[in-house]
Structures are given as C-alpha cells and as structure tokens.
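Step one of this worksheet: look at the structure below.
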Protein chains: 2
Amino acid sequence: MRAPASGGATKKPLPDIIAGNGNVYLAIEVKSTSAEHIYINSEKIAGLIEFSAIFGAEPYLGAKFKNKKWRFVHVDDLIRTRGDNYKVDVDLAFSKGLEFDELIKKDKQVKFK
Amino acid sequence: MRAPASGGATKKPLPDIIAGNGNVYLAIEVKSTSAEHIYINSEKIAGLIEFSAIFGAEPYLGAKFKNKKWRFVHVDDLIRTRGDNYKVDVDLAFSKGLEFDELIKKDKQVKFK
C-alpha cells in the first residue's frame, strides 16, 4: 500500500510503500535515478528504520537505475557517506540487493533461528 | 498508516488503515455514526477480507458511536443483513468489539495453536 501523499495526522516520515504477504512485512522507500548513485539523507533513513521497528517490518530501499531492473537493498547494506547520509550505486544494488520476488520469498522464520 | 485518498495504481479497495506492531497486523475500515447502527456494504467487507488475506492482516471494523468510545469488531463478528450487507450496533460493538489497546495486545501465536 502506498503512503498518503499528504494530510497525515503526524509529521513523522512514512515509508513510500508498505507491503506484506503474511510472512514478510516490508517498509520501502523508493528512488529512481538516471545518475550513477542514489543518495538518501540520514533523516529519511532514520525515519524508515523507526517506522519499521514500530510497525514490525524490514526496512528497504527500492533502487531503480536507468535501464536496470528494480533492486531492493536492506538499509543495513547501504553505504554511509562522509556527510552521514546514505548512498547506493549499481554495483551494490546488484550485489546485495534483491529482486522483489526474492524479497517476499524470504522466510521470516530464518530470523528467529 | 492511512491509505492514500486517491491515485492508487489499482482500483481494488484498500482498507482505511493498516496498523502493525511486529506481533499483530490489522487492516481496518473505520466508520462513525450518530445513528444506532453502522451499515457497511458487502463489497467493502469483501475487499477488506481480500486485502487482509493477501497482506497478512486481521480484518476489523473500527466503529465509533456518538458519545461512545471506539470499538474494533472483527469482520467475522459483524451482523449480516437480509440484503447481504453488514451492520454493527452499539450492543455488538461493546460485547464482541475490543478497544484498540486490547486489539494490539492479542498474541498472534494464539491463532496457530
């Protein structure tokens, strides 16, 4: 489900998308670019992590590079910039990132072993 | 999280609210009234049940009667009308319905015993 564009009762940042399938719940911030890197500021990621902890979801960045498929990168795998923000490039997106189908097939139980 | 008011990529009905706390996930349709009954049409409830099954949430109606507290009634507990729609009255809301705090304290594990 997409977040409302505006008019929320709270000023707290909401993720762009919440997805679930009864097994995995995801809070996703999405970004697309025609450049080589996607930059995300630290407040946005902090908000995504906070929301995910409260709601019970895994925090992901959905990254779309031009002429490439969407990849979903867990916030833990994002690169921290010197300015304390975050970035992801194509190499990272395609090494640590997952396709959406892979993401929702991840078995929640694994985490509790 | 409130559903977007419009502009969804799908014509499928979305619940008014999705809530989660890492243990319980809820899809909620909310209605308030100054009358004695709340009526909800069957398509709305069918949509709520379908969304909940896909997302992995429990489907609830949030009912607010004038001068009464909010109560949350599981769709299974709603009264079916002769016209195949659904209704809830104050008695039902306060017998089978729960307060929000009670709702989110329900242990998900109970369902899988």
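Since we're looking at a predicted model, the values are computed, not measured. So you know, we letter chains A, B, ... as the sequences are listed, proteins then strands, and number each from 1.
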Quiz item: Does any heavy atom of chain B fall under 4.5 Å from the side chain of A/A19, the backbone, both, or neither of them?
Solution: backbone

Self-check item: Spacing of CD1 belonging to B/I54 relative to CG belonging to A/N21, to within rounding of 0.5 Å
Solution: 10.5 Å

Exercise. Name all residues meeting the side-chain contact (heavy atoms from CB on, under 4.5 Å) criterion together with A/V90; count only those two or more places apart in sequence or in a different chain, and write none if there are none.
Key: A/F65, A/K68, A/F94

Quiz item: Around atom NZ of B/K64, are there more than 12 heavy atoms of other residues, nucleotides or ligands at under 6.0 Å?
Solution: yes

Quiz prompt | Sequence-distant partners of A/E36, side chain to side chain donor-acceptor pair (under 3.5 Å), two or more places apart | solution = none

Quiz item: Is a side-chain N or O of B/Y25 found less than 3.5 angstrom from the main chain of A/G22, in a donor-acceptor match?
Solution: no

Quiz item: Are B/W70 and B/L48 grouped together when hydrophobic residues (ILVMFWY) are joined by side-chain heavy atoms under 4.5 angstrom apart?
Solution: no

